Amino acid sequence: MTEEETYLHSLKIGHYVLGGIIALFALIPLVHVGMGIALATGNFPSEPEANEAFPAFFGWIFVVFGLVAI
């Protein structure tokens, strides 16, 4: 293997690693969508002493922002 081929092989591996990192960070908006659905449906755990339910409207805001980001 020549020196140029070694560099190209290292560059290829670097591109695969960078692609994996970008794909991982691209999935972060899915956390917002999941949290928004949990808030909107009332499945999100709340404080035991809180008597008021969290408004579902805020959950749908999380869902919309997550979907727009995706």
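Bear in mind that the values here come from a model prediction, so they are computed numbers and not experimental data.
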Side-chain heavy atoms under 4.5 angstrom apart, residues restricted to Ile, Leu, Val, Met, Phe, Trp, Tyr: same cluster for W60 and L30?
yes

Review point. Between Y16 and I13, is a side chain to side chain contact (heavy atoms under 4.5 Å, CB included) present by the stated rule, with each step listed?
Key: CA-CA 5 Å; Y16 281 123; I13 292 172; 5.6 Å; no

When every non-hydrogen atom of G66 is compared with those of P29, the smallest separation belongs to O-CB, 3.6 Å

All heavy atoms of V63 vs all of V33, minimum pair found to be CG2-O, 3.8 Å

### Task
Treat each ILVMFWY residue as a node, draw an edge where side-chain heavy atoms are under 4.5 Å apart, and state whether I37 and I70 are in one component.
yes

Chi angles and distances behind the side chain to side chain contact (heavy atoms under 4.5 Å, CB included) call for L39, F62:
CA-CA 9 Å; L39 284 170; F62 271 87; 4.0 Å; yes

Inset, instruction - Please check if the side chain of H9 supplies one atom and the backbone of E5 the other of a donor-acceptor pair under 3.5 Å. - result: no

Rounding to 0.5 Å, atoms CG (L11) and CD (E4) come to a distance of 13.5 Å

Those residues at least two apart in sequence (or on a different chain) that pass side chain to side chain donor-acceptor pair (under 3.5 Å) with T6 are none

